[in-house]
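Read the structure below first, then the notes.
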Amino acid sequence: MPAPRRSKVKKNRSRGVSVQAARQLLLDLPNVGEGRSYGLPSFLLNGRFLARFRDEDTVLVLQLATISEREVLMELDPGAFFFTEHYRNYPAVLVRLAEVAAPLLADVVRESWRHVRALPPGRPRKLAKRSGKGGERKAGVRRRLTSA
């Protein structure tokens, strides 16, 4: 019995996006900067949450327009896109950076950016400082707690 023929066309199953590449993808979009959302380092567009890393930077949380979009993405690539109970009723998707194809991530990030760009500007937020000390945040929390 002859061996099965292998296709000469090599399938490009290249998967995985580095944290640095995902970060650069977000920061290359117009009006996106690093800031804080709910006290966590995030990527903001006009003061609104767009994305953030979690799980030791292995996962990207990305805001979507609808929960239905998340369902489509999870059907398209369940290895890369998922959600947790925390995000069940929130239009966001979690992306496993090691599993997502770079072109797909770029498309999803651009679509998310278009959605957030169309929203009214968010409340003013300070851009994240590069020092990483967090002292200002703690002082702000102390002020709020002691002024109550």
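Bear in mind the structure is a predicted one, so any value in this text is a computation, not a measurement. Numbers here are sequence positions counted from 1.
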* To do: Measure from the side-chain N and O atoms of S112 to the backbone N and O of Q63, and report whether any donor-acceptor pair falls under 3.5 Å.
  => yes
Anything under 3.5 Å between a donor and an acceptor, one on a side chain of residues 82-92, the other on a protein residue two or more places apart or in another chain? List them.
| from | atom 1 | to | atom 2 | distance (Å) |
| --- | --- | --- | --- | --- |
| E85 | OE1 | R88 | NE | 3.0 |
| E85 | OE1 | R88 | NH2 | 3.1 |
| E85 | OE2 | R88 | NE | 3.2 |
| Y87 | OH | R52 | NH2 | 3.4 |

* R117 side chain reached by L45 side chain, heavy atoms, under 4.5 Å -> yes
* Check: R48 and S37 side chains under 4.5 Å, non-hydrogen atoms -> no
* Can you tell me which residue pairs pass the salt bridge (Lys or Arg N to Asp or Glu O under 4.0 Å) test with a partner in residues 53-71, sequence neighbours excluded? => none
* To do: Show your reasoning for whether side chain to side chain contact (heavy atoms under 4.5 Å, CB included) applies to L76 and L104.
  => CA-CA 10 Å; L76 181 67; L104 179 57; 3.9 Å; yes
* So which heavy atom on F81 is nearest to which on V108, and how close? -> CZ-CG2, 4.1 Å
* Positive for side-chain contact (heavy atoms from CB on, under 4.5 Å) with L60, one of L105, L94, V93 -> L105
* When rounded to the nearest 0.5 angstrom, what distance separates CG in L62 from CG in L50? -> 6.0 Å
* Asked: Who passes side-chain contact (heavy atoms from CB on, under 4.5 Å) against A21, sequence neighbours left out?
  -> V17, S18
* Asked: Under the side-chain contact (heavy atoms from CB on, under 4.5 Å) test, which residues partner A106, sequence neighbours left out?
  -> L25, R110
* Quick one: which residue pairs count as a side-chain hydrogen bond (donor to acceptor under 3.5 Å, both in side chains) with a foot in residues 94-106, not counting sequence neighbours? => none
* Asked: Can you list every salt bridge (Lys or Arg N to Asp or Glu O under 4.0 Å) pair that touches residues 74-84, not counting sequence neighbours?
  -> R15-D77
* Asked: Hey, are the side chains of V95 and L73 touching, using non-hydrogen atoms and a 4.5 Å cut-off?
  -> no
* Please examine the side chains of L97 and V19, heavy atoms only from C-beta on, and report whether any two atoms are closer than 4.5 Å. => yes
* To do: Give a yes or no on whether F49 and L27 share a hydrophobic cluster (residues Ile, Leu, Val, Met, Phe, Trp, Tyr; joining criterion: side-chain heavy atoms under 4.5 Å apart).
  => yes
* Going by the ring pair (Phe, Tyr, Trp, His ring centres under 6.0 Å) test, which pairs reach into residues 53-80, not counting sequence neighbours? -> F43-F53
* So how far is it from S42 OG to R36 CZ, rounded to the nearest 0.5 Å? -> 8.0 Å
* To do: Spell out, as yes or no, whether a donor-acceptor pair under 3.5 Å connects the side chain of W113 to the backbone of V32.
  => no
